[in-house]
Amino acid sequence: MRQHRTPFATPNTEPKALLKQALTFVIWAVCGGLLGTALPASALGRLAQVEIVDRTDGRVLPMYAKDGQRWVVGTPGREYAVRIRNAGGARILAVTSVDGVNVVSGETASPEQSGYVLDGYGSVEIAGWRKSLARTAAFYFTELPDAYAARTGRPEHVGVIGVAIFRERPQPIARADRAGKLAGDARHDSGAAEGAAPPAARARQEAAGRADDAGGDDRARASVVPGAPLGTGHGRSESSRAEVVRFERDGAHPAETITIRYDRRENLVAMGVLPPPVVGRAPDAFPAWAPRFVPDPPRR
C-alpha cells in the first residue's frame, strides 16, 4: 500500500478516492475542485458544507429544522450520498459516520477514527461503506432490520449522519500532489511498516464479516400513522479507488461537528418536523358553480 507523505496537495478534478495516513491511517475518496462554486442553501456547516444527495435523481434533499436539529426525508429503497465541501483554502479531515458507524472502518463511530481528507475548496461524495481501497457498498434508506448498524448488533443510533471536521497542523509547503484525500485514525501513529495493512482495513473486514453473517393541524397530524424508524443499508458493490496518505490533525477535538438526522416522511409529520397533509372537502367537478335566481328590481 503506497503512502503519500507530501504535506500539501491540491484538489483533483477527476472523481477518485484516496486513503491518507495522518500520523494514523487514512482513506482518500472522490474529491473534486470546487473553487468559486456557490454553496447551496440546503447544506449545513461552517468549515465544511454537508448535504445529502438522492442518487436516483441527483436531487439535494432539503433540510428541515426542528428543536435545533436538521432533518431530511428518507425514502426506503433509494440510494443516497453524503456530499462534503471544504469551505476554506486549507486541507481538512472529515471523519464521517452513518447510524453511529464509521463509514471507512466499520467501527462504532468516534472522532479519532479514519475519515476523508479534502483539499482546499475541494469536495468528496461518500456514497457507501468502504470495503477496500477499490470498492464501496452503496448507502440506501431501508427498514430498521435491514440497516447495516442493526445487522451488526448496533441499532441504537440509526437515523443520524455525522461529520467531525479537523483542521490540519500547519505544514511547510512542498510540491503539489494532484490526488484528493481521506484522513485516518488518530489512535495509531504513522510509523507502521509500508506493507502492513492499516488497522482501519482490518476493522472494515471484521465489520463486513458481521454484516454478511447477519445475512396542517393536530387532527390531520394524528391521521398520519408513524412507521418504524429508517436506517441505512449495506448495498451494491461499486468501484471507488482509495489510497493511504498522511494528515496530521491540529488537535484532539474536532473544530466542528455536523449532525443531520433522517427518517421517513410520515414520522417527520408525526414529530412536527413537517406540516401535516391538507384535510379538505371532497373534490368538486364544478367548484365555481352556484345557483342563480331572479334579482330584485331597482328601488323607486
Side-chain angles (χ1 to χ4, degrees), residues 2-53 55 58 60 80-97 102-104 111 113-128 130 133 136 139 161-184 238-250 254-258 260:
R2 185 167 59 93
Q3 292 180 332
H4 287 255
R5 302 187 180 279
T6 304
F8 178 80
T10 58
N12 190 356
T13 56
E14 299 179 359
K16 348 178 147 171
L18 169 60
L19 208 62
K20 283 205 165 184
Q21 187 169 5
L23 295 185
T24 79
F25 286 95
V26 231
I27 294 188
W28 169 85
V30 188
C31 286
L34 291 172
L35 193 61
T37 302
L39 298 174
S42 55
L44 183 64
R46 180 176 50 86
L47 298 178
Q49 305 287 322
V50 180
E51 54 193 7
I52 309 303
V53 181
R55 296 180 66 196
V60 176
Y80 74 88
V82 181
R83 181 183 293 159
I84 307 171
R85 306 171 189 255
N86 186 351
R91 294 201 316 173
I92 57 172
L93 162 62
V95 179
T96 306
S97 70
N102 184 289
V103 301
V104 173
Q113 294 164 355
S114 300
Y116 287 83
V117 174
L118 283 71
D119 292 316
Y121 302 107
S123 73
V124 61
E125 192 158 302
I126 306 170
R130 182 150 294 281
L133 297 180
T136 56
F139 296 145
I161 297 164
V163 181
I165 302 296
F166 290 85
R167 293 186 174 95
E168 185 174 23
R169 187 179 298 279
Q171 302 285 338
I173 295 179
R175 67 175 180 84
D177 179 353
R178 296 299 298 175
K181 312 143 188 85
L182 275 175
E238 299 181 288
S239 176
S240 177
R241 289 174 294 169
E243 172 180 9
V244 173
V245 295
R246 287 181 63 91
F247 181 99
E248 186 175 357
R249 305 173 195 224
D250 195 29
E256 182 178 21
T257 302
I258 301 163
I260 300 170

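Heavy atoms only, all atoms of each residue included: Ala255 and Arg46 are closest at O-NH2, 3.7 Å. Across every non-hydrogen atom of Val95 and Pro111, the tightest pair is CG2-O, 3.4 Å. Of all heavy-atom pairs spanning Leu93 and Gly115, the tightest one is CD1-C, 3.6 Å. The two residues Gly128 and Thr136 make their nearest non-hydrogen contact at C-CB, 4.1 Å.
Paired with Glu51 under the rule side-chain contact (heavy atoms from CB on, under 4.5 Å), one option of Leu44, Ile84, Val82, Val60 passes, and it is Val60. The only member of Val163, Val50, Ile258 that meets side-chain contact (heavy atoms from CB on, under 4.5 Å) when paired with Thr96 is Val163.
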Problem - Criterion side-chain contact (heavy atoms from CB on, under 4.5 Å) on Gln113 and Val104, from CA distance to verdict - result: CA-CA 9 Å; Gln113 294 164 355; Val104 173; over 6 Å; no
Practice task
Run the numbers on Phe139 and Ile52 for side-chain contact (heavy atoms from CB on, under 4.5 Å), then give the verdict.
Solution key: CA-CA 11 Å; Phe139 296 145; Ile52 309 303; over 6 Å; no
Exercise for the section: Would you check, one step at a time, whether the test side chain to side chain donor-acceptor pair (under 3.5 Å) holds for Ser123 with Arg83? Expected result: CA-CA 7 Å; Ser123 73; Arg83 181 183 293 159; over 6 Å; no
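One finds the OG1 atom of Thr257 at 7.5 Å from the CZ atom of Phe166 (value rounded to the nearest 0.5 Å). Note that the CZ atom of Arg167 and the CD atom of Glu248 stand 15.5 Å from one another [nearest 0.5 Å]. Atom CD1 of Ile165 and atom CG of Asn86 lie 8.0 Å apart (nearest 0.5 Å).
A heavy-atom distance below 4.5 Å is not found between the side chains of Ile92 and Glu256. Side-chain contact check for Pro170 versus Asp250: some heavy-atom pair is nearer than 4.5 Å.
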